[in-house]
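The structure appears right after this line, and notes come after that.
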Amino acid sequence: MPTARFVMPDGTERAVDVPDGWSLMEGARRDGIPGIVAECGGGATCATCHVIVDPTWYEVVGAPPDTESMLLELASERGETSRLSCQILMTDALDGITVRVPESQL
Amino acid sequence: MTTKKVVLVVGAGQAGSEACWALRQGGFAGDIILVGAEAALPYERPPLSKKFLNGTLDAERLFLRGPAAYADAGVSLKLGRRVVGLDPAASIAVLDDGERLAFDWAILAMGSGARALPIPGIDLAGVHALRTMEDAERLRAGLLKGGRLVVIGGGYLGLEAAATGRKLGCEVTVLESASGLLQRSASRQTGAYFEAKHRAEGVDLRLGASVARIEGDGRAERVVTADGTVLPADLVLVAVGGVPETALAEAAGLECRNGILVDADCRTSVETIFAVGDCANHFDPALGRHVRLEAVQTAISQARCAAAAILGAPRPAPKTPYFWSDQYGVKLQIAGLIDPSLPCEDILFGEAGVSFAIHRIQGGVLAAVETVNRPVDFVRAQKLLGKPVDVAAVA
């Protein structure tokens with residue numbers, strides 16, 4: 001099962017095992033990662049599962065499509081590598097992906 | 001000597017669950033006890049009429065948190081249990097098995113139940129409600145056999161279930177007593193769009209139809225309307241709205257009116273007791289009136305308000321309520337609220353039958369936005385909510 005690393009605003013890191021085919025958000029939510037709220041349940045309607053992807057991994061997951069990009073504008077602390085974690089589906093290719101949880105989401 | 005403070009959360013849906021996390025994230029160091037009537041861990045309800053009902057989303061993916069997360073956060077779960085009595089003066093709750101729990105604060109998050117339809121035949125086998133995971137599993141088992149589904153009630157829940165029924169190959173009839181769909185919750189154009197969409201997808205949609213009775217020999221076999229029309233049915237879904245669960249609060253003497261009355265902090269008429277989510281009729285300071293909503297985002301933000309009040313933290317900034325519905329892959333998104341007692345002007349952008357946005361204007365400001373298959377416009381318009389609109393300039 002691929003693992004994702006969530007870096008919290010205080011610098012601590014949490015490893016989350018995410019079943020293949022689940023979104024990064026679903027894995028984070030199951031493990032109770034603070035700040036990943038996902039009000040809309042993964043429908044790309046809110047922006048409460050925003051993460052900032054490590055630049056190396058951003059090249060793998062790619063840039064967000066239009067709707068997601070618009071939603072990210074509603075999120076605070078949008079960075080150059082921001083994504084909605086509900087839109088990143090985990091596969092073995094993403095094993096080890098590292099993302100940061102924005103402080104304002106806590 | 002100081003003893004640990006206790007927060008008792010009654011009701012383990014989205015609101016009750018969020019209250020626990022908000023308390024812990026806000027630094028609450030005392031005990032948190034979460035009591036839920038269902039045996040399952042807290043889960044998401046919106047998919048119950050959509051992806052969970054059609055079988056494309058496993059139960060495991062409905063749960064809001066895994067069991068380990070509750071243990072890690074020190075939240076004591078009492079699932080499959082009900083609070084049957086609440087003594088505000090003594091700060092004691094009594095559970096269905098007689099256990100007594102003392103609390104410093106209580107957060108009531110009992111949600112809403114299906115509105116009853118007092119007609120003959122309502123208790124026949126094959127007549128379903130859709131509020132819980134178990135309800136959805138039972139209904140899905142029926143839908144997978146094929147056959148004829150009659151949905152009583154053309155609100156979001158009924159329409160989503162109708163769409164799922166069609167997807168699973170059932171013949172579907174929807175009975176709605178009003179003359180159009182979604183009249184209380186959406187614009188005329190959006191209601192008309194979904195009316196046409198359901199008909200195009202093969203639903204026998206009957207407007208202005210009220211139900212007289214359900215008939216059958218031990219099982220529902222047909223639904224009879226007030227004008228005598230007989231509709232054969234293998235399954236009946238009753239989806240005529242939700243009623244707030246207030247019995248416990250009323251018996252405890254808390255003030256209730258269309259839900260448990262709470263102030264801006266979600267505090268009830270008793271200082272140490274809060275109510276959040278579907279069961280709460282919340283004073284919205286931005287609107288200046290009480291509003292009771294059955295929506296995930298409302299549940300979450302109210303849970304955080306109550307947690308902040310208990311922690312003595314500032315009240316979180318209000319967020320505009322939003323809602324969504326998925327039917328046949330069509331995405332409806334609504335943000336903001338209309339005051340039904342005031343006139344409303346609707347402006348359409350886009351193509352009425354295909355993909356469009358409706359800006360709903362009250363008192364010269366953009367009060368709500370509805371979009372059908374226009375997610376980008378939905379996000380864009382949210383930034384304009386509450387701002388003045390020059391109707392003459394855009395119309």
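What's counted below: heavy atoms across the whole structure, side chains too, no hydrogens, waters or symmetry copies. Quick note on labels: first sequence line is chain A, next is B, and so on, each numbered from 1.
Nearest heavy-atom pair, B:L64 versus A:R29, reported as atom, atom and distance to 0.1 Å: O-CG, 2.9 Å. Considering all non-hydrogen atoms of both residues, A:M70 and B:V379 come closest at O-CG1, 3.4 Å. Listed here is the closest heavy atom pair of B:Y322 and A:C46: OH-CB, 3.0 Å. Heavy atoms only, all atoms of each residue included: B:K383 and A:L74 are closest at CE-CD2, 3.6 Å. Of all heavy-atom pairs spanning B:Q25 and A:L106, the tightest one is OE1-C, 3.9 Å.
Residue B:V296 touches chain A through its side chain alone, counting heavy-atom pairs closer than 4.5 Å. For B:W21, no part lies under 4.5 angstrom from a heavy atom of chain A. When heavy atoms are compared at a cutoff of 4.5 Å, A:D31 approaches chain B solely by way of its backbone atoms N, CA, C and O. For a residue to count as touching a neighbouring chain, one of its non-hydrogen atoms must lie under 4.5 Å from one of that chain's; by this rule A:S69 does not touch chain B. When heavy atoms are compared at a cutoff of 4.5 Å, B:R45 does not approach chain A at all. Within the 4.5 angstrom heavy-atom criterion, no atom of B:K50 approaches chain A. Only the side chain of B:Q382 comes within contact range of chain A, with at least one heavy atom under 4.5 Å from a heavy atom of that chain. The part of A:I36 that comes within reach of chain B is its backbone (N, CA, C, O), which places non-hydrogen atoms under 4.5 angstrom from that chain. With a threshold of 4.5 angstrom between heavy atoms, B:P46 does not approach chain A through any atom at all.
Of the possible polar contacts, one joining the B:K331 side chain to the A:G43 backbone as a donor-acceptor pair under 3.5 Å is found.
Residues B:Q297 and A:V37 have side chains not in contact (no heavy-atom distance under 4.5 Å, counting atoms from C-beta outward). Proximity of A:R30 to B:F63: side-chain heavy atoms (C-beta onward) are nowhere separated by under 4.5 Å.
For B:K167, the NZ atom sits in a loose shell: 12 or fewer heavy atoms of surrounding residues, nucleotides or ligands are nearer than 6.0 Å. Heavy-atom contacts from other residues, nucleotides or ligands closer than 6.0 Å to CD of A:E80 number 12 or fewer. For CD of B:E60, the number of neighbouring non-hydrogen atoms (other residues, nucleotides, ligands) closer than 6.0 Å is 12 at most. Around the CG atom of A:D10, the shell of radius 6.0 Å holds more than 12 heavy atoms that belong to other residues, nucleotides or ligands. At most 12 heavy atoms of other shown residues, nucleotides or ligands fall within 6.0 angstrom of atom CD in B:E134. The number of heavy atoms from other shown groups lying within 6.0 Å of CZ (A:R5) does not exceed 12.
We find the CG-OG1 distance between B:L332 and A:T45 to be 10.0 Å, quoted to the nearest 0.5 Å. The distance from atom CZ of B:R61 to atom CD of A:E26, rounded to the nearest 0.5 Å, is 4.0 Å.
Interface summary for chain B: among A:G42, A:C40, A:G41, the most heavy-atom pairs under 4.5 angstrom belong to A:C40.
Taking the charged nitrogens against the carboxylate oxygens, B:R380 and A:E73 have no contact shorter than 4.0 Å, which rules out a salt bridge.
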